[in-house]
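Here the structure is laid out as C-alpha cells; the discussion comes afterwards.
Just the heavy atoms: all of them, side chains too, but no hydrogens, waters or symmetry mates, feed the values below. Residues take their numbers from the sequence shown, with the count starting at 1.
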Amino acid sequence: QVQLVESGGGLVQAGGSLRLSCVASGFTFGLVDMGWFRQAPGKEREFVAAIDWSGNSLYYTDSVKGRFTISRDNAEKTVYLQMNSLKSEDTAIYYCAGKRFGTEVQFSSDYDFWGQGTQVTVSS
C-alpha cells in the first residue's frame, strides 16, 4: 500500500537547522510531484514547498524562501526539506504529500498521498 514516512523533526533553537526526510513506497515515486505542508496549533494546514517529479521545478511559500530547500532522490524514493535559520513561527507538524496530476502545487486538496507528519518545534 501507499506509504509516506517522515522523519527528522525535533526541538531546535531559533536560528538552527533541521533536515526532514520522507520515504515513499507503494507507488511510482519518480512520476509524482512531492510537497511539504505544515500545520501549527489552531491554524489551517499550509503549503511550504514542492518539487516536480523531475526535480527541476521548485516552489516555495514566501515565508520560507531563502531559508528552506526542497530536494528529492528518485533512486532512494525520498524527498527532503532542509530548513535553515529556523524561527519560532516555523513550529508546526510537517507533512509530506504526493500529487499525481495537475500543475498547481500549493493546494492540499490536490494531493493524493499523505504522511503522518513530524513535529518541528523551534524555541526562541
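Contact check for Ser108 versus Trp114: side-chain heavy atoms found under the 4.5 Å cut-off. Put simply, the side chain of Thr121 does not reach to within 4.5 Å of the side chain of Val12, judged on heavy atoms. You'll find the side chain of Thr69 stays beyond 4.5 Å of the side chain of Leu81, heavy atoms only. No side-chain heavy atom of Leu11 sits under 4.5 Å from any side-chain heavy atom of Gln119. The closest side-chain heavy-atom distance from Tyr111 to Asp33 is not below 4.5 Å. Contact of the Leu20 side chain with the Thr118 side chain is registered, since non-hydrogen atoms from C-beta on lie closer than 4.5 Å. Residues Met83 and Arg19 are not in side-chain contact: their nearest non-hydrogen atoms beyond the backbone lie 4.5 Å or more apart. Proximity of Val64 to Arg38: side-chain heavy atoms (C-beta onward) are separated by under 4.5 Å at one or more points.
Side-chain atoms of Glu6 come within 3.5 Å of backbone atoms of Gly117 as a donor-acceptor pair (strictly under, hydrogens ignored). Counting only distance, with no hydrogens or angles, the side chain of Lys77 and the backbone of Cys22 share no donor-acceptor pair below 3.5 Å. Side-chain atoms of Glu46 never come within 3.5 Å of backbone atoms of Gln39 as a donor-acceptor pair (strictly under, hydrogens ignored). Not one N or O on the side chain of Thr28 forms a donor-acceptor pair closer than 3.5 Å with the backbone of Gly30. In terms of modelled atom types and a separation under 3.5 Å, the side chain of Arg72 and the main chain of Gly55 share no donor-acceptor contact.
Across every non-hydrogen atom of Ala92 and Ala40, the tightest pair is CB-N, 3.8 Å. Residues Gly9 and Val120 approach most closely at CA-CG2, 4.1 Å, considering heavy atoms. Pairing each heavy atom of Trp53 with each of Leu31, the nearest pair is CB-C, 3.8 Å.
For the atom pair Asp52 CG and Leu58 CG, the distance stands at 7.5 Å (nearest 0.5 Å).
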Full working for side chain to side chain contact (heavy atoms under 4.5 Å, CB included) between Ser17 and Gln82: CA-CA 8 Å; Ser17 298; Gln82 177 66 44; 4.0 Å; yes
Evaluate the side chain to side chain contact (heavy atoms under 4.5 Å, CB included) criterion for residues Met34 and Leu4: first the C-alpha distance (whole Å), next the side-chain angles of each, then the deciding distance (0.1 Å), finally the verdict. CA-CA 11 Å; Met34 297 297 296; Leu4 292 173; 3.9 Å; yes
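Between Phe37 and Tyr95, the ring centre distance reaches or exceeds 6.0 Å.
When hydrophobic side chains of Ile, Leu, Val, Met, Phe, Trp and Tyr are connected at separations under 4.5 Å, Phe107 ends up as a singleton with no cluster partners.
Each ring pair (Phe, Tyr, Trp, His ring centres under 6.0 Å) pair with one or both residues in residues 55-83, not counting sequence neighbours, would appear here, but there are none.
Neither side chain, Asp73 nor Thr78, offers a donor N or O lying under 3.5 Å from an acceptor on the other.
At a threshold of 4.5 Å between side-chain heavy atoms, the hydrophobic network of Ile, Leu, Val, Met, Phe, Trp and Tyr places Val105 and Trp36 in two separate groups.
Taking the charged nitrogens against the carboxylate oxygens, Lys87 and Asp90 have no contact shorter than 4.0 Å, which rules out a salt bridge. Between Asp112 and Arg100, at least one side-chain nitrogen of the basic residue sits less than 4.0 Å from a carboxylate oxygen of the acidic one, meeting the salt-bridge criterion.
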